[in-house]
Amino acid sequence: MKIGIVCYPTFGGSGVVATELGKALAKKGHEIHFITYTQPARLDFFSENLFYHEVKVASYPLFDYPPYELALASKMVDVAQSVKLDLLHVHYAIPHASAAFMAKQILATKHITMPIITTLHGTDITLVGKDPSYEPVVTFSINQSDGITSVSEDLRKDTYSQFEIKKEIEVIPNFIDLQRFKKQKKDHFKKVICPDNEKLLVHTSNFRKVKRIQDIVAVFAQVKEIIPAKLLLVGDGPERVKIEQLCKDLEVEKCVHFLGKLDAIEEVLSVADIFMMPSEKESFGLAALEAMACEVPVISSNTGGLPELNIHGVTGFLSDVGDVEDMVKNTLTILKDENLPKFRANALARAKEFDISNILPLYENYYKRISEQVKGTLKV
Ligand code: GMT
C-alpha cells in the first residue's frame, strides 16, 4: 500500500510510534510517505520505500499564529494526489485529525477517495483534547475518521467517556523492536556511574508535569537511605529546573544525573536496575516497554494503560498516583538480590508480547479492513 503518515516528528511517544511503524511497514514493502514539519527524529537513513514531505507554513505579517493546520491539509492533498496514496494515517488527534478531514473533503472534490485513520495516543484525549478550546473540533474530527485506533483499552474507554464518539475504536498497543531494545554489555558505563556497585534507577521522558518526576526524586531519596543507589534522569522539558532544585532540597543532587535528550536510550537502559514511571496519566507507557525489553523491571503508577503493560508483582509494581511510600517499599522489594533476576526475566518475557512482529500485522489488517469498508461505502 501507499500510506501517508502524519505525526509530531519530535521525541514524544506518538512520534516515535509513528516513525517506527512507518519504518517497519516500509521494510515489508509498503511505500511510506511521512508528512510533517521536520524530519522525524528516528528517520535518519535511506530506504527506497521511505519518503519525507516537509510542511512549510508561509508567514505573513497578519498571522500572529501561523496556520499550520492549513499548510498540513494542503500538503496532504498535494502528496495524496501526486503519489496516489491509498490511505492517510494520522497520529495524535490535534490538529492532525481535523487537517486530515479537510484534506479528505478537498480530495473528494477532485474525485479522490481517501480513507483516514486516526490513532489516539493519550494526552490528545486525556489532557489537551478535552479542553473546551479544542473539544468540539476533536470530537468532530475523530467521528469523521474512517478508522480510529487507541494505544490501550483504557484510552479507548476514556475516549468514549469524555467525548461523544459514535464509531468503533480499535485497540492496537504500542510495540517494540527487540532487535534494537535489548540488554547490552555496558559494564564500563555502569562502573562510571555506579563505581561502588550502587543500584541504578532510571527515568526517561519529556519532563512534563504529567510525568510526576518529583515522586521519582522523593522515592529515590528514601531508597538511598537504605540501599546505595544512583538515579539517572534522561530527557528534558519544562519541569527540569524544578526537579534540579528538588534534588538540592532533598540533598541527593550528587547522586542524581541529568543526561538530557539521548538517542541511544537502550544503552542507558542496559545498565538500569529499575525504571520509574509514576505518571499522573499514561495511556500506554512506551518508555516503560523500552525498559522492559532491556530486562528492567518497572515501578509505576496504576493509571491509564499502565496496568495493561506492567503486571503487578511480576514485571514490577503498580501504586496509586503519588503514593511515594508504596513505591519505596516496592522498589526495595525488587532490588533484593534474590528478587531482581526474576523480575528482569518477567519484564523481558512481557515485552516480547509487544514485539513489532506481533503488532505490525494488526495495523496492516486494520488498513485493509478500513480501506475495503470505505470502498464498500462508495458502492452503496
Ligand atoms: O507522553 C509522552 O511521552 C508523549 C506522548 C505523545 O503523544 O507524544 O505519549 C503518549 O503516547 C505514547 C505512544 O503511544 C504512549 O506510550 C504514552 O503513554 C502517551 N503519554 C501519555 O499518555 C502521557
Side-chain angles (χ1 to χ4, degrees), residues 5-22 24 36-38 40-42 89-97 117-131 134 138 142 148-159 162 169-177 181 203-213 215-216 233-240 261-262 265 275-293 298 300-310 318 321 350-351 354 356 359-360 362-363:
I5 293 187
V6 176
C7 64
Y8 282 105
T10 50
F11 278 82
S14 62
V16 170
V17 168
T19 311
E20 295 299 335
L21 175 63
T36 68
Y37 55 84
T38 189
R42 292 191 183 181
H89 185 180
V90 304
H91 292 258
Y92 208 89
I94 307 167
H96 301 152
I117 291 175
T118 298
T119 289
L120 310 172
H121 280 273
T123 50
D124 45 354
I125 295 301
T126 55
L127 286 178
V128 215
K130 62 183 183 194
D131 189 288
Y134 296 119
V138 172
I142 292 176
I148 311 159
T149 78
S150 78
V151 298
S152 64
E153 190 55 50
D154 184 81
L155 182 61
R156 179 178 181 270
K157 277 196 208 126
D158 250 10
T159 310
Q162 294 180 32
I169 301 178
E170 181 93 354
V171 176
I172 304 185
N174 285 177
F175 50 82
I176 189 83
D177 179 358
F181 285 91
H203 168 78
T204 68
S205 77
N206 40 23
F207 283 48
R208 286 172 301 161
K209 246 192 163 85
V210 71
K211 301 291 176 184
R212 291 190 68 96
I213 305 179
D215 289 352
I216 299 174
L233 295 174
V234 185
D236 213 335
E239 289 293 288
R240 173 149 176 187
K261 287 179 184 168
L262 276 186
I265 190 69
F275 186 81
M276 308 288 296
M277 188 173 256
S279 310
E280 180 92 38
K281 291 183 189 302
E282 198 67 60
S283 63
F284 181 87
L286 179 61
L289 174 58
E290 291 177 345
M292 288 160 72
V298 174
S300 74
S301 57
N302 54 14
T303 192
L306 283 170
E308 295 169 49
L309 171 68
N310 186 18
L318 301 155
V321 171
R350 180 74 178 141
F354 297 92
I356 188 153
I359 309 299
L360 194 65
L362 304 182
Y363 274 113

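Order of listing sets the numbers, starting from 1, for every ligand and every atom in it. The analysis underlying the following values was restricted to heavy atoms, covering all of them including side chains, and did not include hydrogens, waters or symmetry mates.
Residue R208 touches ligand 1 through its side chain alone, judged by heavy-atom distances below 4.0 Å. With a heavy-atom cut-off of 4.0 Å, N206 touches ligand 1 through its side chain alone. At a heavy-atom distance under 4.0 Å, atoms from both the backbone and the side chain of L286 approach ligand 1.
Interface atoms of ligand 1 facing S14, defined by a heavy-atom separation under 4.0 Å, are 6 (C), 7 (O), 8 (O), 11 (O), 13 (C). The ligand atoms of ligand 1 that sit less than 4.0 angstrom from a heavy atom of F284 are 16 (O), 18 (O). Close contacts of ligand 1 with K211, meaning ligand atoms under 4.0 Å from a residue heavy atom, involve 1 (O), 2 (C), 3 (O). Under a 4.0 Å criterion applied to the non-hydrogen atoms of V151, ligand 1 contributes the atoms 14 (O). The atoms of ligand 1 that sit less than 4.0 Å from any heavy atom of S283 are 15 (C), 17 (C), 18 (O), 19 (C), 21 (C), 22 (O).
Under the 4.0 angstrom criterion for non-hydrogen atoms, G285 is in contact with ligand 1. Within the structure, the closest approach of H91 to ligand 1 does not fall below 4.0 Å when heavy atoms are considered.
Residue Y92 has no nitrogen or oxygen atom sitting less than 3.5 Å from a nitrogen or oxygen atom of ligand 1, judged on distance alone. Residue-to-ligand polar distances place G13 within reach of ligand 1: an N/O pair is separated by less than 3.5 Å. The shortest N or O to N or O distance between K281 and ligand 1 is not below 3.5 Å. Polar contact with ligand 1: absent for V210 (N/O pair, distance under 3.5 Å).
Remark: side-chain polar atoms of S152 are paired, donor with acceptor, to backbone N or O of S283 under 3.5 angstrom.
Using the six-membered ring where Trp is involved, H121 and Y92 have ring planes that are parallel, under 30° apart on the 30 and 60° scheme. Aromatic ring pairs are classed by plane angle as parallel below 30°, tilted from 30° to 60° and perpendicular above 60°; the pair H89 and Y363 is tilted.
Annotation: side chain of D158 is not in contact with side chain of K281 (no heavy-atom distance under 4.5 Å). Contact annotation: the side chain of I5 approaches that of H91 to within less than 4.5 Å [non-hydrogen atoms, C-beta and beyond].
Judged purely by distance below 3.5 Å, without hydrogens or angles, the side chains of S279 and S301 never pair a donor atom with an acceptor atom.
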Verdict with supporting geometry, F284 and F354, ring-ring contact (aromatic ring centres under 6.0 Å, His included): CA-CA 12 Å; F284 181 87; F354 297 92; 5.6 Å; yes
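Of the inter-residue distances, the one linking I117 atom CD1 with I172 atom CD1 reads 8.0 Å to the nearest 0.5 angstrom. Taking OG1 of T118 as the reference point, atom CD1 of I94 lies at 11.5 Å (rounded to 0.5 Å).
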